[in-house]
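Since the structure is predicted, the reported quantities are computational estimates derived from the model, not experimental observations.
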Amino acid sequence: MKTWYSAACRAGVVGLLALHFGAAQSQGLPPMPTDDELRKAFDAADANKDGVIDVDESVANSILIFATLDKNKDGYLSYDELPGYDPNRLKRADRNDDGKLSVGEVASDRVWEFFEADANRDGVVTFEEVRVYIIKLRSARK
């Protein structure tokens, strides 16, 4: 079980960073995930292994990743814990404008991005929908 958790966290971090903070616009930022990295993140988030991610799986995955990224375990992600990510995206997630993200803010923003990625509005995202969404974010970085 611990091995699965570790693998899910590593793969899930890619997914969170890609979907949650991926539209970074400045130079010198972490690269967008490759298709292979994105597939691993997608598979880790697909908890019931049905080939799609629903909003509950997406939020659950963001909470798991939040715990991984919260290095000082204070229950918040400071912008310092998320170096190199688009400040506009971080500010969008920071609903109360306190300069840090709570798990609720991260989960809320994940829902927002989930529905941005759900191109056909069927309540689930396929790998291809996530891939197209990431391509859109990649082109926004240029």
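Within the model, atoms CG of Asp74 and OG of Ser102 stand 11.0 Å from one another, a figure rounded to the nearest 0.5 Å. Atom CG of Asp109 sits about 8.0 Å away from atom CG of Leu101, to the nearest 0.5 Å. Interatomic distance, Leu69 CG to Leu64 CG, rounded to the nearest 0.5 Å: 9.5 Å. Rounding to the nearest 0.5 angstrom, the gap separating the CD1 atom in Ile53 from the CZ atom in Phe114 is 8.0 Å. Remark: Arg92 CZ to Ser108 OG distance equals 9.0 Å, nearest 0.5 Å. Within the model, atoms OH of Tyr76 and CD of Glu81 stand 12.5 Å from one another, a figure rounded to the nearest 0.5 Å.
Under the 3.5 Å distance criterion, with hydrogens and angles disregarded, a donor-acceptor pair is assigned to the side chains of Asp94 and Tyr79.
The hydrophobic cluster containing Val59 also contains Tyr133, counting ILVMFWY residues as joined when their side-chain heavy atoms lie under 4.5 angstrom apart, directly or transitively. Connection of Val55 to Val103 is established within a shared hydrophobic cluster, with ILVMFWY side chains joined at heavy-atom distances below 4.5 Å, either directly or through further cluster members. Each of Phe127 and Val124 belongs to its own hydrophobic cluster when Ile, Leu, Val, Met, Phe, Trp and Tyr are linked at side-chain heavy-atom distances under 4.5 angstrom. Residue Ile63 is grouped with residue Ile65 when hydrophobic side chains (ILVMFWY) are merged at heavy-atom distances under 4.5 angstrom, including chains of intermediate members. With hydrophobic clusters built from ILVMFWY side chains whose heavy atoms lie under 4.5 angstrom apart, Val111 shares a cluster with Val106.
At least one donor-acceptor pair closer than 3.5 Å links the side chain of Arg110 to the backbone N or O of Ser58. In this structure a side-chain-to-backbone donor-acceptor pair under 3.5 Å is present from Glu129 to Asn120. The backbone N or O of Phe115 sits less than 3.5 Å from a side-chain atom of Arg121, completing a donor-acceptor pair. No donor-acceptor pair closer than 3.5 Å links the side chain of Asp56 to the backbone N or O of Ala60.
Remark: Glu37 does not engage Lys40 in a salt bridge, criterion side-chain N to carboxylate O under 4.0 Å. Using a cutoff of 4.0 Å between basic side-chain nitrogens and carboxylate oxygens, Asp43 and Arg39 are scored as salt-bridged.
Contact record, Ser62 with Ala107: OG-CA, 3.8 Å, taken as the closest heavy-atom pair.
Taking Asn48 as the reference, Asp50 meet the side chain to side chain donor-acceptor pair (under 3.5 Å) condition, with sequence neighbours excluded.
The side chain to side chain contact (heavy atoms under 4.5 Å, CB included) test with Glu105 is passed by exactly one of Leu90, Leu77, Asn96: Asn96.
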